[in-house]
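I have placed the structure first, in the form of structure tokens, so that the comments after it can refer back to it.
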Amino acid sequence: MNNIRVRFAPSPTGHLHLGGARTALFNWLFARHVGGKFILRIEDTDVARSSEASAKEIIDAMKFLGLNWDEGPEVGGDYGPYYQFERKDIYAKFIDKLLCEEKAYFCFCKAEELQARREEAQKKGVPFVYDRRCLALSKEKKDELRKNGQTPAIRFKIPSGETSFIDLIRGEIKFKNEDLDDFVILKSNDQIPTYNFAVVIDDITMKITHVLRGDDHISNTPRQILLYHALNAALPQFGHLPMILGSDHTRLSKRHGATAVDEYAEKGYLPDALINFLARLGWSFDEKQEIFSREELIEKFSLERIGKNAAVFNTEKLIWLNGEYIKNAPLPERTKLVIPFLQKAGLLAKNEDRTEFLQKIVEIVGDRLKLLGDIVPYTDFFFKDRIEYSEDILKVLEKSKNGLTIIPDTKDALLQLEPFNLETIEKTIRDISEKHNVKPKETIQALRIILTGKTVTPGLFETIFLLGKDITRKRIEAFSSAFPNQKTIDIQLHND
RNA sequence: GUCCCCAUCGUCUAGUGGCCUAGGACAUCGCCCUUUCACGGCGACGGCAUCGGUUCAAAUCCGAUUGGGGACGCCA
């Protein structure tokens, strides 16, 4: 047991995206590795953009990924509330303290004015820092402004000097305080604290010891450190994680494709694969290992082995990794995972319990699945009453003309088979091909296409076995009478 | 523009001064296995951004340049 406490603090303004997920993951791994606490806090001070639905989505995504939290929404904890919006009273106390000690001051400047001054500075090529014009305001003047109906914002007075910190990942980072400006800590319009203030107060009051967050927060860090100092609070340690970039090396965003965790869930990625992949983005253990179970990650994770450079998100590797995880899942588990995708494709009714049959299908699909959804193209012909033959497929079939000529014989032989099993099916097909001097390959490919409408399927003998004598016969007969004039065949799949 | 961060194959990375003729993984391309696809096996392709130091020795240390990213909000 120790006092290490870390947190993940998303703002509920959208889905949980990959970058956020990785930040959460690294915090979680760190906490689990050292035996500390992992806290989830919802930063919903931006009332306009925050939504409960989004908070729920984020929470669901965290659950999907298996990143459980020790304190936070749904589980509570001793340092709540865990929604910032419910913590306004706490912030107010600290604001007062800063005001009393003259470490913060009222600012009556209007947003438009500030914007104009900012643009002017931009034009001149000088950095914009707030000029503190409101710091000098007399009490009378302030009262007067208030009487006129103006509500001030509150700014934090940045002391002079230099602020530096030892980043857990990057080492020392230094800023001159003169480059920082007196940032707003309480907004004038809604009297809600700004992010930079709220995080600090929350991290202090929640006793956070290590702040691990995205690289994009580096420039916020000196401001926050100055607040800690002003409040006489102990500093946590900071670690800034490299960002995740899109394929064009810019910040990962919608235009790079799917960025939300739930989209990946829908596409048929496994949480463990996603976790493994995200962990390896910016972190490595040695020169060999790519696949890490959750337990292994927890055991082997360390901040020292996090890299400094931004990582480009690369879907191919994730797909490969996902395939590895599917492959390694035991058959019953794999079957269970695949069922929702068959249902979504309309191949399987929601209440249909065909576990035994499904398991056999999943078994013959074998190692082919990269995404859970791949089950559909590989096996839909097991569920469909209608088989469609595309132009391309029929062209391939032309090439197996020889195979085609012996299909009737093959069919008859298969129907008479007793017992009807993998060995006898294979032997029959090979024997008949040999008898007619046709390459087994051609017979097999012709049969595959006739029975499935595809060139890519699980093994043919297994497929025939699972299809059964009856459907095999029906499809061959239906095809024979239709080909080459018709592009589809219909047969009743279920006898009733 | 100002401040900050970063820099090894296309991508993720190993590498902390000699073990580097730079290792692995994904992707790509061959070959093998094979009833298609996938799996598996073998192999190929491909990189230390540049320049200058320090050193007997540099991917590794220092500096500059270049390139990339981030932050410059009463957003978080």
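Side-chain atoms are counted along with the backbone in the values below, which use heavy atoms only and exclude waters and symmetry mates. If you're wondering where the values come from, they're calculated on a predicted model, not measured in any experiment. Throughout, a chain's letter reflects where its sequence line sits, starting with A, and its residues are numbered from 1.
In this structure, A:Ala311 reaches the sugar-phosphate backbone alone: every heavy-atom distance under 4.0 Å involves primed, P, OP1 or OP2 atoms, never a base. Residue contacts shown for A:Arg448 include a base, since a base heavy atom lies under 4.0 Å away. Within the nucleic acid shown, A:Ile173 comes within 4.0 Å of sugar-phosphate atoms alone, with no base atom in reach, counting heavy atoms only. A:Phe461 comes within 4.0 angstrom of a base, heavy atoms only. Looking at heavy-atom distances under 4.0 Å, A:Lys370 makes contact with sugar-phosphate atoms alone, never a base. As judged by a 4.0 angstrom heavy-atom cut-off over every strand, A:Arg305 is placed among residues touching the sugar-phosphate backbone only. Using a 4.0 Å heavy-atom distance criterion, A:His240 is classed as making no nucleic acid contact. Counting non-hydrogen atoms under 4.0 angstrom, A:Thr443 reaches nothing in the nucleic acid. Using a 4.0 Å heavy-atom criterion, one finds that A:Ser284 contacts the sugar-phosphate atoms exclusively. Using a 4.0 Å heavy-atom criterion, one finds that A:Thr45 contacts the sugar-phosphate atoms exclusively. Among the heavy atoms of the strands lying under 4.0 Å from A:Arg49 is at least one base atom, whether or not backbone atoms are also near. Heavy atoms of A:Thr455 sit under 4.0 angstrom from at least one base atom. Residue contacts shown for A:Glu316 are limited to sugar-phosphate atoms, with no base heavy atom under 4.0 Å away.
Between B:C61 and B:U16, the two C1' atoms lie 10 Å apart (nearest whole Å). Nucleotides B:U34 and B:C48 have their P atoms positioned 41 Å apart, rounded to a whole Å. Across the C1' atoms, B:A44 and B:A27 are found 14 Å apart, a figure rounded to whole Å. The same atom, P, is picked in B:U2 and in B:A64; the two are 16 Å apart, to the nearest Å. B:G53 sits 15 Å from B:G17 when the C1' atoms are compared, rounded to a whole Å. Rounded to the nearest Å, the gap between the C1' atom of B:A22 and that of B:C39 is 31 Å. For B:C62 and B:G41, the C1' atoms lie 47 Å apart once the distance is rounded to whole Å. When the P atom is used for both B:G69 and B:C12, the distance is 14 Å, rounded to whole Å.
Contact annotation: the side chain of A:Asn322 never approaches that of A:Lys370 to less than 4.5 Å [non-hydrogen atoms, C-beta and beyond]. Proximity of A:Pro81 to A:Arg41: side-chain heavy atoms (C-beta onward) are nowhere separated by under 4.5 Å. A heavy-atom distance below 4.5 Å is not found between the side chains of A:Glu462 and A:Glu426. Between A:Ile306 and A:Pro242 the shortest side-chain heavy-atom distance falls below 4.5 Å. Between A:Ser164 and A:Ile173, every side-chain heavy-atom pair lies at or beyond the 4.5 Å cut-off.
Put simply, chain A comes within 4.0 Å of RNA chain B, heavy atom to any atom, from B:G1 to B:A76, going 5' to 3'.
Checked against a 6.0 Å centroid threshold, the rings of A:Phe479 and A:Tyr389 count as neighbours.
With a cut-off of 3.5 Å on both pairing distances, B:G17 has no Watson-Crick or G-U wobble partner at all. Pairing of B:G30, defined by two Watson-Crick or G-U wobble distances under 3.5 Å, is identified with B:C42. In this structure B:G67 sits in a base pair with B:C6, meeting the Watson-Crick or G-U test at under 3.5 Å. Applying the Watson-Crick and G-U wobble criteria (two distances, each under 3.5 Å), B:G52 pairs with B:C62. With a cut-off of 3.5 Å on both pairing distances, B:C74 has no Watson-Crick or G-U wobble partner at all. Under the Watson-Crick and G-U wobble criteria, each requiring two contacts below 3.5 Å, nucleotide B:A22 is left unpaired.
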Checking side chain to side chain donor-acceptor pair (under 3.5 Å) for the pair A:Asn196/A:Gln224: CA distance, chi angles, key distance, verdict?
CA-CA 6 Å; A:Asn196 270 316; A:Gln224 294 175 10; 2.7 Å; yes
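If you take CZ on A:Phe106 and OG1 on A:Thr151, they are separated by 11.0 Å, rounding to the nearest 0.5 Å. Atom CG of A:Leu180 sits about 6.5 Å away from atom CG of A:Leu226, to the nearest 0.5 Å.
Each of A:Leu318 and A:Val456 has a nearest nucleotide on RNA chain B; the 5'-most of these lies closest to A:Leu318. Taking for each of A:Glu426 and A:Val312 the nucleotide of RNA chain B with the nearest heavy atom, the 5'-most of the two is the partner of A:Val312.
With sequence neighbours left out, A:Asp367 forms a side chain to side chain donor-acceptor pair (under 3.5 Å) with no residue at all. Residues forming a side chain to side chain donor-acceptor pair (under 3.5 Å) with A:Arg155 (at least two apart in sequence, or on another chain): none.
Taking every heavy atom of residues 176-192 of chain A and every atom of RNA chain B, pairs under 4.0 Å involve A:Asp179, A:Val184, A:Lys187, A:Ser188, A:Asn189, by number. A heavy atom lying under 4.0 Å from RNA chain B marks the following residues of residues 269-283 of chain A, by number: A:Arg280, A:Leu281, A:Gly282.
A:Phe108 does not carry A:Lys110 over the face of its six-membered ring by the limits of under 6.0 Å from the centre and within 45° of the normal.
Shown here is A:Glu434, whose CD atom has no more than 12 heavy atoms of other residues, nucleotides or ligands within 6.0 Å.
The stretch residues 237-249 of chain A participates, sequence neighbours left out, in these side chain to side chain donor-acceptor pair (under 3.5 Å) pairs: A:Asp167-A:His240, A:Arg213-A:His240, A:Thr221-A:His240, A:Asp248-A:Thr250, A:Asp248-A:Arg255, A:Asp248-A:His256.
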